[in-house]
Amino acid sequence: MRTSTAPERLLPRWPFALMFVWFPAWWLLGLGEMAWIPLSFAMVFYLVRRGRIEVPRGFGIWLLFMVWMVCSGIGIDTSGRLIGFVYRALLYLVTTIVFVYVYNARLRLTPRYVGGVLTVFWLITMVGGFIGVLFPLLSFTTPLAMVLPQPLLDNELVHEMAVRQVTQYNPDSWLQIDPRPSAPFLYTNGWGNVYSMLTPIVIGYMVAVRRERRFWFLLLALPVSLVPALLTLNRGMLIGLALALAYVTVRFVLRGNLRAILALLGLALVVGVVFMTVPVAQRITDRLAVSSTTADRASLYDETFQRTLESPLFGYGAPRPSLKEGAPSVGTQGQMWMVLFSHGFPGLAFFMGWLVWAYLRTLHRWDPLGLACNTALLVVVVESSYYGILTAGLTIAMIAAALALPRSEPPLDVPTSRAILKNTRNERAVPIH
């Protein structure tokens, strides 16, 4: 019996909940995912105070990436790139801490609770998308702009954080493309990445709460959310959603679950109806007619690969300007390419190796949220090739892995479980179940 150690196992919910439930506040302040850094430090405090930290088998792959990422800093050659390198390193550290915290806080951060928090984050994403649809030219100066020195505000990324816009839109561009919803994230692709990863988790959570009133609210919200999603004209997001739907359908076909198959076919029908109702197809066609993004990305990826061959071991530490006039920086337009260029071929092997390992190790999950997490991991593996998933997308992937990966510890005995439940009832918690 381990009753005496039970109180040490309890990790509070609030640092995790504040990351996602309070995200609108972080966005309005100009912080966004940057606010997750101090919250992750709070997680470290509670983990250290708890005493014993567990990680699953295979986590060493990710730790090797973290070590390699730090070592690749030898390629940094300017102070500006050093600032970017340190910031990205902190964000990678945040995702690592969140994974360890969720994995160790299983007694309080249960799959149902975590699924509820992520569902709130999905609803926040949906609302942000609608704001972008209804008020496409809305922008405002955040408090962050009032405290930062002008040299920092002159940085393009910092300026975009300090002066918020609800759509990705450049009226001065020679490409006449309609505003595309992005709030509460910086870029439309970030919105699409988060939406496509969270949607399977939301559906899994709906199954878990199907006998409660919130199920009916989410059942209504699901087709409604497709409106801003489709109006982002985000082809990568559509690929991710189609992959998730096809993947889960195939798994249920192999298992012979007719009821689940019919439910998925109904969902596909709803998506088709919304797609035909919202003027999406024509807008995507118009965008493709004036945009050469596919060809431009192919050219950029080729340059990224060729230049990485000149520094294959540790890469360059950070993206660098392209040799082609007007092209985006080399090592951007996809997390996989950023890792390759910034941290070399070994860094890419460790980074993608961890995501693939987490996906394969969770294939056994058939419970609703477990299967949803496994699906989200598959989606992020694919979307890493064309989306920058740092920070929100990678954090969601880490949470999905922490929930779905096998546990190394045997279950607690009955007396200990009762002691923990009694202790839990005495603590305040965010009202999400």
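Because the structure is a prediction, the values reported are computed rather than measured.
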**Item:** Exam field: side chain N374 to backbone R365, donor-acceptor pair closer than 3.5 Å
**Value:** no

**Prompt:** Does any non-hydrogen side-chain atom of W191 lie less than 4.5 Å from one of N234?
**Reply:** no

**Message:** Between E156 and M161, is there a side-chain heavy-atom distance shorter than 4.5 Å?
**Reply:** no

**Prompt:** Tell me, do L198 and T119 make a side-chain contact under 4.5 Å, heavy atoms counted?
**Reply:** no

**Request:** With rounding to the nearest 0.5 Å, note down the distance linking CG in L264 to CZ in R259.
**Result:** 12.5 Å

**Item:** Residues L109, L11; criterion side chain to side chain contact (heavy atoms under 4.5 Å, CB included); working and verdict
**Value:** CA-CA 8 Å; L109 296 182; L11 296 171; over 6 Å; no

**Asked** Just checking, any donor-acceptor pair under 3.5 angstrom between side chains of E383 and N193?
**Response** yes

**Request:** Of all the heavy-atom pairs spanning Y205 and L369, show the shortest one and how long it is.
**Result:** N-CD2, 3.5 Å

**Prompt:** How close do A397 and L355 get, heavy atom to heavy atom, and via which atoms?
**Reply:** CB-CD2, 4.5 Å

**Message:** Do R106 and Y103 form a cation-pi contact, if we require the NZ or CZ to be under 6.0 Å from the six-membered ring centre and within 45 degrees of the ring's axis?
**Reply:** yes

**Item:** Min side-chain heavy-atom separation P368-M206 under 4.5 Å
**Value:** no

**side chain to side chain contact (heavy atoms under 4.5 Å, CB included), paired with I201, selected from T375, L118, I399** = L118

**Request:** Please check if the side chain of Q168 supplies one atom and the backbone of R180 the other of a donor-acceptor pair under 3.5 Å.
**Result:** no

**Asked** Is the closest side-chain heavy-atom distance between Y195 and L226 below 4.5 Å?
**Response** yes

**Within 6.0 angstrom of Y187 OH, more than 12 heavy atoms from elsewhere** = yes

**Request:** Begin from the C-alpha positions of L222 and L267 and carry the test side chain to side chain contact (heavy atoms under 4.5 Å, CB included) through to its verdict.
**Result:** CA-CA 9 Å; L222 195 60; L267 177 61; 3.8 Å; yes

**Prompt:** Can the ring centroids of F140 and W27 be said to lie less than 6.0 angstrom from one another?
**Reply:** yes

**Message:** Which heavy atom of L123 sits nearest to which heavy atom of A221, and what is that distance?
**Reply:** CD2-CB, 4.2 Å

**Prompt:** Under 6.0 Å between ring centres, would you say that holds for F305 and W337?
**Reply:** no

**Item:** S322 side chain to E303 side chain, donor-acceptor N/O pair below 3.5 angstrom
**Value:** yes

**Asked** Between the side chain of R320 and the main-chain N/O of S329, is any donor-acceptor distance below 3.5 Å?
**Response** no

**Request:** Work out which heavy atom in R112 is nearest to a heavy atom in V209; give both atom names and the distance.
**Result:** NH1-CG1, 3.5 Å

**Prompt:** Relative to Y113, does R13 satisfy both conditions: NZ or CZ under 6.0 angstrom from the six-membered ring centre, and within 45 degrees of the ring's axis?
**Reply:** yes

**Request:** Give the C-alpha distance, both sets of side-chain angles, the deciding distance and a yes or no for side-chain hydrogen bond (donor to acceptor under 3.5 Å, both in side chains) between W122 and T199.
**Result:** CA-CA 7 Å; W122 178 82; T199 299; 3.3 Å; yes

**Test item: Y87 and I83 side chains (from C-beta on) under 4.5 Å apart, heavy atoms** = no

**Item:** Donor-acceptor contact present, side-chain T232 to main-chain A229, <3.5 Å
**Value:** yes

**Message:** Treating Y387 as the side-chain partner and G192 as the backbone partner, does any N or O pair qualify as donor plus acceptor under 3.5 Å?
**Reply:** no

**Request:** To the nearest 0.5 Å, tell me how far L378 CG sits from L243 CG.
**Result:** 4.5 Å

**Request:** Given ring-ring contact (aromatic ring centres under 6.0 Å, His included), test W357 with F59 step by step and report yes or no.
**Result:** CA-CA 9 Å; W357 168 265; F59 189 61; over 10 Å; no

**Item:** Closest approach of P228 to P181 (non-hydrogen atoms, all atoms of both residues)
**Value:** O-CG, 4.3 Å

**Prompt:** Could R251 and W366 be counted as a cation-pi pair, given that NZ or CZ must be under 6.0 Å from the ring centre and within 45° of the axis?
**Reply:** yes

**Message:** Please tell me whether F350 and W354 form a close aromatic pair, meaning their ring centres lie under 6.0 Å apart.
**Reply:** no

**Item:** Residues L186, L157; criterion side chain to side chain contact (heavy atoms under 4.5 Å, CB included); working and verdict
**Value:** CA-CA 9 Å; L186 288 179; L157 175 62; 3.6 Å; yes

**Request:** With rounding to the nearest 0.5 Å, note down the distance linking CZ in F351 to OG in S342.
**Result:** 11.0 Å

**Prompt:** Are L300 and D296 side-chain neighbours, meaning at least one heavy-atom pair lies under 4.5 Å?
**Reply:** no

**Message:** Test your reading of the model: is there a side-chain donor-acceptor pair from T142 to the backbone of L28, 3.5 Å cut-off?
**Reply:** no

**Asked** Are F185 and F23 close enough that their ring centers fall under 6.0 Å?
**Response** yes

**Prompt:** Taking the inter-plane angle between the rings of W36 and F20 on a 0 to 90° scale, is it parallel (under 30°), tilted (30 to 60°) or perpendicular (over 60°)?
**Reply:** tilted

**Asked** Do the side chain of R50 and the main chain of L10 share a donor and acceptor less than 3.5 angstrom apart?
**Response** no

**Exam field: side chain Y301 to backbone Q333, donor-acceptor pair closer than 3.5 Å** = yes

**Message:** To the nearest 0.5 Å, what is the distance between CZ on F121 and CE on M197?
**Reply:** 11.0 Å

**Asked** Could you state the interatomic distance from CG (L394) to OG (S384), rounded to the nearest 0.5 Å?
**Response** 7.5 Å

**Request:** Would you give the length of the straight line joining atom CG of L29 to atom CE of M34, rounded to the nearest 0.5 angstrom?
**Result:** 9.5 Å

**Asked** Would you say Q165 and S182 make side-chain contact, with heavy atoms under 4.5 Å?
**Response** no

**Fill in**
Nearest heavy-atom contact between P179 and T167 is CB-OG1, 3.7 Å

**Check: V207 main-chain N/O paired with R210 side-chain donor or acceptor under 3.5 Å** = yes

Result block: side-chain N/O donor-acceptor pairs under 3.5 angstrom for residues 90-101, not counting sequence neighbours:
{"unit_1": "Y92", "atom_1": "OH", "unit_2": "Q335", "atom_2": "NE2", "d": "2.8"}
{"unit_1": "T95", "atom_1": "OG1", "unit_2": "Y92", "atom_2": "O", "d": "2.7"}
{"unit_1": "T96", "atom_1": "OG1", "unit_2": "W62", "atom_2": "NE1", "d": "2.7"}
{"unit_1": "T96", "atom_1": "OG1", "unit_2": "Y92", "atom_2": "O", "d": "2.9"}
{"unit_1": "Y101", "atom_1": "OH", "unit_2": "P12", "atom_2": "O", "d": "2.5"}

**Any donor-acceptor N/O pair, S72 side chain to G317 backbone, under 3.5 Å** = no

**Request:** Give the intermediate values and the outcome of salt bridge (Lys or Arg N to Asp or Glu O under 4.0 Å) for residues R88 and E33.
**Result:** CA-CA 11 Å; R88 282 188 294 274; E33 291 98 328; over 6 Å; no

**Message:** Under the criterion side chain to side chain contact (heavy atoms under 4.5 Å, CB included), I'd like the reasoning laid out for L231 against V227: C-alpha separation, chi angles, the key distance, then a yes or no.
**Reply:** CA-CA 6 Å; L231 290 177; V227 175; 4.1 Å; yes

